[in-house]
Amino acid sequence: MRGKFITFEGIDGAGKSTHIDWVAARLRERKDIGAVVTTREPGGTPLGEDLRQILLHRKMHLETEALLMFAARREHIAEVIEPALDRGDWVISDRFTDATFAYQGGGRGLATARLEALEDWVQAGLQPDLTLLFDVPLETASARLAGARAPDKFEAESRAFFERTRAEYLRRAAQAPGRFRVIDATQSIEQIRVELEKIVSML
Ligand code: ADP
Ligand code: TYD
């Protein structure tokens, strides 16, 4: 049986990376499913990780940025995601295509139609079975990041950029309620785990 594909999304500092290993560990306790693979975008393959370094640290035209995100994704799907799902393994990815719509589309203003064309080409119908959107106001996200790490190219973006990014995530979640679960990520880590436990136990 084909595995399931779960993605974690949200603006920087929402707290999604904090929960990925925990969700993976809960799923690994289950006897009824295959192995659980955790991965991330941009990245997830040796080539993708090289592209990640360029994407997170070099300035470039917004279309170049979108094309490189999808180039890394093409490799990730071919090398990691599809083989794992075909083996019956489950895949959990820290970000996927919703991030491109939110950051390059919402944040930078690239036309959605361009991104949809790339999505059709690169994914050929592949979509996550479940997307967990960690949603927080910008103040919460930036306060969390301030103490946590030095900002990369995206994390150094303006407040307006992240307002647009967050709004685009929420718009997409409202459009695809069957695939998305929106998590109120202002809650404590413990409260979020209780919510995640319920969602994951229904898969
Ligand atoms: P993201 O992956 O969404 O960018 P992280 O998971 O790296 O965010 O979290 C950013 C920072 O916020 C980390 O220092 C983390 O410990 C902290 N954090 C995450 N979730 C919460 C939470 N629910 N409450 C308080 N702090 C949190
Ligand atoms: P992330 O792994 O969340 O960063 P960190 O390890 O610092 O938590 O994501 C890297 C950055 O890339 C993040 O700021 C969002 C951005 N990004 C895009 O702009 N478009 C995309 O398609 C993806 C996958 C990520």
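Since the model is a prediction, treat every value here as computed from it, not as a measurement. Start at 1 and go down the list; that is how both ligands and their atoms are numbered.
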Atoms of ligand 1, numbered as shown, that sit under 4.0 Å from any heavy atom of [X]:
X	result
Gln187	22 (C), 23 (N)
Ala14	3 (O)
Ala148	14 (O)
Gly15	1 (P), 3 (O), 5 (P), 6 (O), 8 (O), 9 (O), 19 (C), 20 (N)
Asp12	4 (O)
Ile192	23 (N)

Close side-chain approach of Leu55 to Met60, heavy-atom, < 4.5 Å | yes

Begin from the C-alpha positions of Arg40 and Glu49 and carry the test salt bridge (Lys or Arg N to Asp or Glu O under 4.0 Å) through to its verdict.
-> CA-CA 9 Å; Arg40 69 171 179 181; Glu49 291 294 327; 2.7 Å; yes

Does ligand 1 have any atom sitting under 4.0 Å from a heavy atom of Gln191?
-> no

Where is the nearest protein heavy atom to [atom]: which residue, which atom, and how far?
atom	value
atom 2 (O) of ligand 1	Ser17 OG, 2.4 Å
atom 4 (O) of ligand 1	Gly13 N, 2.8 Å
atom 16 (O) of ligand 1	Thr18 OG1, 4.2 Å

Establish, from distance only, whether the side-chain atoms of Ser93 and Glu41 form a donor-acceptor pair under 3.5 Å.
-> no

Indicate whether the side chain of Thr7 and that of Thr131 have a donor and an acceptor atom separated by less than 3.5 Å.
-> yes

Electrostatic pair [X]-[Y], nearest N-O below 4.0 angstrom:
X	Y	result
Arg159	Glu139	yes
Arg74	Glu79	no
Arg179	Asp129	no
Glu63	Arg114	yes

Do any N or O atoms from the side chain of Arg164 and from the backbone of Gly106 form a donor-acceptor pair under 3.5 angstrom?
-> yes

Filtering Arg144, Glu190, Arg40, Glu155 for the heavy atom nearest atom 27 (C) of ligand 1 leaves Arg144

Where on [X] is there a heavy atom closer than 4.0 Å to ligand 1, on the side chain, on the backbone, on both, or on neither?
X	answer
His19	neither
Ser188	backbone
Arg149	side chain

Passing candidate, salt bridge (Lys or Arg N to Asp or Glu O under 4.0 Å) with Glu157, options Arg166, Lys59, Arg108 = Arg108

Let me know which protein residues bring a heavy atom to under 4.0 Å of ligand 2; chain then number is fine for ordering.
-> Asp12, Lys16, Glu41, Pro42, Arg52, Leu56, Met69, Arg73, Arg95, Ala99, Thr100, Tyr103, Gln104, Arg149, Asp152, Phe154, Glu155

Return each pair, listed once, that meets salt bridge (charged side-chain N to carboxylate O under 4.0 Å, His left out) where at least one residue sits in residues 190-202; pairs must be two or more places apart or across chains.
-> Arg26-Glu197, Glu190-Arg193

Do the ring centers of His19 and Phe134 come within less than 6.0 Å of each other?
-> yes

Ring-ring centroid check Phe5 Phe96, cutoff 6.0 Å = yes

